[in-house]
Amino acid sequence: MSEKIEWKDALNLPRTGFPMKANLAKREPEFLKWWEEIDLYHKMLRYRENSALYVLHDGPPYANGHIHMGTALNKVLKDIIVKSRHKNGFKSPYVPGWDCHGLPIELNVEKELKVKRGELSKLTIRKHCREYAERWINIQREEFKRLGVIGDWENPYLTMSYDYEATIAREFINFLAQGSVYRRKKTVFWCPHCVTALAEAEVEYEPHRSPSIYVKFPLAEDAYEVLPEELKNEKVFIVIWTTTPWTLPANLAIALNPEFKYVAVKLNDEVLILAEGRLSALAAELDLEKVPSIVACIKPEDLERKHARHPFLTRESLIVLADYVTLEAGTGCVHTAPGHGEEDYETGLRYGLDIYAPVSPEGFFDEDIPEIGGKHIFKANDEIIEILKREGKLLHVSEIEHSYPHCWRCKKPVIFRATEQWFISMEANNLRKKALEWIEKIRWIPHWGKNRIKSMIEKRPDWCLSRQRSWGVPLTVFICNQCGEFLKDKKYYEKVLALFEEKGADVWFEKDVSELLPEGTICPQCGSRDFRKEEDILDVWFDSGVSFAAVLERREELKFPADLYLEGSDQHRGWFHSSLLCAVGTRGRAPYEAVLTHGFVVDGQGRKMSKSLGNVIPPEKIIKRYGAEILRLWVAAEDYRDDIRLSDEILKRLTEAYRKIRNTCRFMLGNLYDFVPEKDLVPLEELPDFERYILFRLSKLISRCLKAYEDYEFHIVTHGIHQFCAVDLSAVFIDISRDTLYCESPQSFSRRAAQTVLYHALTAITRLMAPILSFTAEEIWRYIPGENKEESVHLASFPEPFITELGDDFIDKWEKLMGIRAEITKALEIARKERKIIGNSLEAEVILTAASEELLAFLKANQDILAYLAIVSKLSVAEKIEPQEDEVFYQGEEIPELKVLVKRAPGEKCERCWKWSEEVGQNEEGLKVCPRCYKVLKESWQEFLKSISS
RNA sequence: GGGCCUAUAGCUCAGUUUAGGUCAGAGCGCACGCCUGAUAAGCGUGAGGUCGGUGGUUCGAAUCCACCUAGGCCCA
C-alpha cells in the first residue's frame, strides 16, 4: 500500500472555470459589447412580441455635463424595472430621452464661445447649442450604457429633434386654440445677469445679506383729514421697512392690514404711524431706552385710499389694505411696488395702480429717474440710503441675512420685474380642477406623493411659458401689428408645423412672417394683413411636459398613457407636474397610470452631496474601483424611497455581500460540472426530505422576490438573495451536503438529489438577480449546465415557486430539526473553543437526550438525519447522559429540555471522507477508509483502486 | 417661515399602515475560535441598540398624540 494516496482523485471535488475574482471593472465592458452584438434589447422585445405591454416612460435628463450618482441611480432603477417586467412576461420597451433646449446650455455655449448675450444671431447661437447638446448626449449615452442599462440607445428621443420640436409647437398651439393662452404684464422672477425671466423652478433660495431700512413716508394733505384731532398739527409719518431700497423709486403704495391696530407714537418731535404689534420690536431695533408712548390710535380703514408723500420723489403713495401684511417683521406698513413684487402686483391690480418697473432688462434704472437714473439697481442701494438720510426720511439702517431668491444658473440674486409674458391659464378650461381630479386616480408610490403634487397644483399660479432667450422652441404666435390681437386658430399654424417637422424650429427665426403664414391671412379682429411673430421661446418644462405626445403617442412600440413615470421626488414640481398639465390640458387625462419617486443621494451622514462639502462620489469612480455591478447593487440594496446614503463603508459592505453571492454561485457551478439536467434532475416528489425542505425555502424566497419586484421593492430582493446565499445555502445546505457531493458515487441518487437542489437554486437565483446583478447573472448563466436555456439570462423569465405546499407538519418538523441542529452546534463550539476536545465537527460524537418523552421520541426517530445535519461522525440518542471528565455537557438554551453530550469520536479518521469511524480499515486492501467510502470506491473508482494497489 | 418626508445595533434593512401587549430581529462587519478537498474561500460562537430626544394617552408604546433636534425634497 502506497504511503501517500491522493484521495482527491477519488472524490467529486468541484470543478469550474468560473473565476472567484470578478474583476468587474475589466470584464463588464466585454458583456456590454456582447449584448450589443446580439442586439439584446430588440431580442428581448421580440421574445415578448405578443405579450402585454408595460411602458416605463423615461424622463429626459438634461443634455449637459456628465452623469452623477443621482442620474445613475435613476437610470439603474429604471433598468431594474424594465428587466424585471420583461422577466415577468411583459413586453417592456425602454426608450431613453434627453432634454436638449434651455438656458443652461445656452449659457454654457456663450461661455465656450466667449460671447455675451446678443452678440451673435439667434440662428448662430442655436446651431452651437444644438451641437453642444449633441456632444453631451453622446457622452451621457456612453455613461448610461456603461451602467448596464438596456434600452433603445441608438434611437432615443431628443427634445430638439425636428419631429419633437414640431410636437412641442403643436401642443402649444392646442392650448392656444382652446383659449388657454394669454399675454399680460406681470411680475416675474427676473435675472438681470442672464437677462431673462425665470420659472419658479429656476430660482434657488440662498442666504443673502441685504440692507434693512426703516423709511418715513410723510402723510399727504388728504390723510391729515382723517387723523385724530391731536395729530393734525404734528409732523406725521408712516414707517415702512424694506430690504430692497432699490425698489423705493417704484413705490406706489403702502399696504396696511385691515385686521391690525395701528398707533401713532411720538419720537422726538415727530409722530410715527405703525402697527401696535410691532412697536416694541421697533423700539428695540432703534435701541430706544423705552417704548415711545402712544399718542393716538389709527384705524387702517380710515387711511385707505389716502396718500403719503414719496420720501424723495415728487410723487404720492397710495395707502391700501392687504391681508398678507404680517406682524412677523417690519412695521405692519408695507412698501408696495406693483412692478417689483408678486403680492404688490396683485394689490396694484386691485387698486388700479400702474404696474411700474422703471428698470431695464439688464437691471439699470431708467434714465429719467433723478439722481440714480442709469445706475444698476444693486449698486443704487447705498445711494438711495444716502438720499433718504439727506432728506431726513431714514429712521434706521442695518443689515440682515435672509433667504433670498437666486438664479439657478448664474447663482446671482434675482428680482421681481413686470414684463410682458405668455401664460397658460390654470383656470381656463378647468385645467386646475381637471388636473386635481386626475391626481386622485393615479397610483402614487410612495402614497404621500399624491398630497405633495396636489398641494402644488392647488396653489400654483398660471404657467408662465415665455423665456427671453434663443435656445428653445419659439412660442409660435402671430400678432396683429394693427390691433395687437394674436391669431389663435390652428389653421394659421399648419404651415409652420409642417416646416418644423421637416426642418426644425429654426425656420421660425429664418423666415419672414409672410413665409410662415398662410397666404392672404387677415386679422379676424381688425382685418389687417400686417403681422409679426413672437420672439420669445417656450419654457423647457413645456418641452419635456409634452413627451407623451412626442414619444408615447408617436412610437409604435409604446402606448399612451404610460404605466409608470419614475423620477426623483423633486419632479413633483417638475416633470410629473408639467406632464400632468400638458396631458390633462390637451388629452383630458394624466399621461401615466402610476408615479414612483426616489429620494436623493446623500453621504454617509445623510447630508446632501455638494461640491462645497467635498463629499461627492462620481459614478465613474465607483465603476473604476468596484465596477458598475456594485453601483447597481447599491441602488438595489437601499430603500430608495427615502434618501439614499452612499459612503466608502457602504460600498465596502456591498462588495462583501457581492462576493458572498458570487462565491456561493461559484460553488454551485463547481458541483454541477458533471450534472446534465435533462438526464440527472431528480423529480421533486422523489427528493429526500432535506432537499425538499431547502427547495421549499427557495420557493419562499422566489415568492418573496417576485412580489418585491412587483412592488418595486428591490432591497427586499437583494437582502433576500444575499441572506439565502449566506444562510440557507452556504451555511446550511452546502455545508451539510458537502459530504454527499464529494464522497458519494457520482451518479448516486443522493448526490444527484443534492445536485438537483443546487441546480434549482442556482438557476432560480441567477434569474432573480439578473435585473440587479446584470453582469454577474450573465456570467453565471454561461456556466450553467443544460441545453434548454436562453442565449442570455436577460431573455429568460423569472423562476416560479415550485414547492408551495409541504404541509405544516413537515415544516414544523424541519424547523424543529434545524433548531436542534443549532443547539448541537453551540455544544460543539464549547467543545472546540473552551475544552479543545475537537477542531472539526467531524471529530465529535454527539449523544442527545431530552427531559420530555415527546422530544426524546422525536430525537430517536430522527437520529440519522440529525447526525447528517450536525456534520458529526457519530450521533446517538440516550435515555440518560452521564458526562465524563473529557466530555462536554450542554443544556439547550432555546430548547431547555434538550441535553447534548459532546465527546471525541471513536475510531479512526477515514482518509477519504474525514469522518471518524471504528470500522476504518476493515476492507480487503486494508485501506484507511470507512465502509461507505470503500463501497463507493468499488462502485465508481475501480481504476483508482487499481492504481493505488499496484 | 410653510408643505411633504425621514430618524431601529458600526453598515444595509425587517418589525410601525387596515388591530399598541413573545417586537427588540436578520444579514454583513467586528472580536474570538475552527477548518485547509469553495482557499485572496468556508464554518461556528460571541459582544453590540434605553428603537433620534422630551413630554403625554394607556394596565402596557419602537408602534398612538404633542413638541423638540438632526437631515432631505419642494416652496416662500
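Note on naming: letters A, B, ... go to the chains in the order of the sequence lines (proteins, then strands), and numbering restarts at 1 for each one.
- Using a 4.0 Å heavy-atom distance criterion, Asn451(A) is classed as making no nucleic acid contact.
- At the heavy-atom level, Arg912(A) lies under 4.0 Å from base atoms of the strands shown.
- Pair assignment for C67(B) gives G53(B), based on Watson-Crick or G-U wobble hydrogen-bonding distances that are each under 3.5 Å.
- Here, G29(B) and C11(B) have their P atoms 15 Å apart, quoted to the whole Å.
- At a threshold of 4.0 angstrom between heavy atoms, the contacts of His719(A) include nucleobase atoms, whether or not backbone atoms are also involved.
- For A38(B), its base sits under 3.5 Å from the side chain of Ser730(A) at one donor and acceptor pair at least.
- Atom NZ of Lys8(A) and atom C1' of U39(B) are 10 Å apart (whole Å).
- In this structure, G46(B) and C30(B) make a Watson-Crick or G-U wobble pair, each of the two defining distances being under 3.5 angstrom.
- The partner of G1(B) is C75(B), by the rule that a Watson-Crick or G-U pair needs both atom distances under 3.5 Å.
- Taking atom P in both C28(B) and C5(B), the straight-line distance is 35 Å, to the nearest Å.
- Atom CH2 of Trp916(A) is separated from atom P of C35(B) by 12 Å (rounded to the nearest Å).
- A salt bridge does not link Arg659(A) to Glu656(A): none of the charged nitrogens lies less than 4.0 Å from a carboxylate oxygen.
- As a whole-Å value, the separation of Leu646(A) CG from G72(B) C1' is 15 Å.
- In this structure, Ser841(A) reaches neither bases nor backbone, as no heavy-atom distance under 4.0 Å exists between it and the strands shown.
- In this structure, Phe576(A) and Tyr565(A) have tilted ring planes: the angle between them lies in the 30° to 60° band.
- At a non-hydrogen distance threshold of 4.0 Å, Gly606(A), Arg607(A), Lys608(A) from residues 602-613 of chain A come into contact with RNA chain B.
- When the nucleotides G3(B), G29(B), A38(B) are ranked by their closest atom to the side chain of Arg653(A), G29(B) comes out on top.
- Nucleotide C74(B) holds its C1' atom 12 Å from the CD1 atom of Ile453(A), rounded to whole Å.
- Residues Arg932(A) and Asp739(A) are paired through a salt bridge, judged by an N-O separation under 4.0 Å between the basic side chain and the carboxylate.
- With contacts defined as side-chain heavy-atom distances shorter than 4.5 Å, the pair Cys933(A)/Cys913(A) qualifies.
- U6(B) and C68(B) have their C1' atoms separated by 16 Å, given to the nearest Å.
- Note on Lys660(A): only backbone sugar-phosphate atoms sit closer than 4.0 angstrom, heavy atoms only; bases stay farther off.
- Residue Ile734(A) is classed as a base contact, given a heavy-atom separation below 4.0 Å to a base.
- Listed candidates were C5(B), U12(B), G42(B). Nearest to the side chain of Arg645(A) is U12(B).
- Minimum atom distance to the side chain of Glu656(A) is reached by C28(B), of the listed C28(B), G46(B), G33(B).
- Salt bridge absent: Glu887(A) and Arg835(A) never bring a charged side-chain N and a carboxylate O closer than 4.0 Å.
- Spacing between atom CH2 of Trp448(A) and atom C1' of U6(B) amounts to 9 Å, rounded to whole angstrom units.
- The side chain of Leu11(A) has G37(B) as its nearest neighbour among U39(B), C11(B), G37(B).
- Side chain of Ile650(A), nearest nucleotide from U12(B), C28(B), C74(B): U12(B).
- A salt bridge links Asp735(A) to Arg738(A): at least one charged side-chain nitrogen sits closer than 4.0 Å to a carboxylate oxygen.
- Ionic pairing of Lys909(A) and Glu843(A) is not present here: no N-O contact between side-chain nitrogen and carboxylate oxygen is shorter than 4.0 angstrom.
- Among the nucleotides C75(B), A38(B), C43(B), the one closest to the side chain of Arg573(A) is C75(B).
- With respect to Arg432(A) and Glu458(A), no salt bridge is recorded, no charged nitrogen being found less than 4.0 Å from a carboxylate O.
- Across all strands, Ala637(A) comes closer than 4.0 Å only to sugar-phosphate atoms, never to a base (heavy-atom distances).
- Between His572(A) and Arg452(A), the closest side-chain pair of non-hydrogen atoms falls below 4.5 Å.
- Across the strands present, A62(B) finds no partner; the criterion is a Watson-Crick or G-U wobble pair with both atom distances under 3.5 angstrom.
- Here G42(B) is the nucleotide among C13(B), G42(B), G72(B) with the atom lying nearest to any side-chain atom of Asp735(A).
- The separation of U8(B) from U45(B), taken at their P atoms, amounts to 27 Å, rounded to a whole angstrom.
- Of the side-chain N and O atoms in Ser569(A), none sit less than 4.0 angstrom from OP1 or OP2 of C4(B).
- A close approach under 4.0 Å does not occur between any side-chain nitrogen or oxygen of His447(A) and OP1 or OP2 of C5(B).
- For the P atoms, the distance linking G53(B) with U39(B) amounts to 46 Å, nearest Å.
- Comparing the C1' positions of G44(B) and A7(B) gives a spacing of 34 Å, expressed to the nearest Å.
- Here G72(B) presents its P atom at 17 Å from CG of Leu73(A), a figure rounded to the nearest Å.
- Look at CD on Glu843(A): it is 14 Å from C1' on G33(B), rounded to the nearest Å.
- Look at the C1' atom in both C65(B) and G71(B): the space between them is 23 Å, to the nearest Å.
- Among the nucleotides C5(B), A41(B), G27(B), the one closest to the side chain of Val727(A) is G27(B).
- Taking atom P on both U63(B) and G15(B), the two are 16 Å apart, rounded to the nearest angstrom.
- With G37(B), C74(B), C13(B) as the choices, the nucleotide that has an atom nearest any side-chain atom of Leu13(A) turns out to be G37(B).
- Gly599(A) comes within 4.0 angstrom of no nucleic acid atom, judged by non-hydrogen atoms across all strands.
- Here Arg666(A) lies in heavy-atom contact (under 4.0 Å) with sugar-phosphate atoms only.
- The side chain of Glu829(A) lies closest to G44(B) when the candidates are G44(B), G42(B), G27(B).
- With rounding to whole Å, Tyr742(A) atom OH is found 11 Å from U39(B) atom C1'.
- Of the charged side-chain nitrogens involved, none lies within less than 4.0 Å of a carboxylate oxygen, so that Lys707(A) and Glu713(A) do not count as a salt-bridged pair.
- U17(B): no Watson-Crick or G-U partner with both key distances under 3.5 Å is found in any strand.
- Taking the six-membered ring where the residue is Trp, the centroids of Phe690(A) and Phe733(A) are separated by under 6.0 Å.
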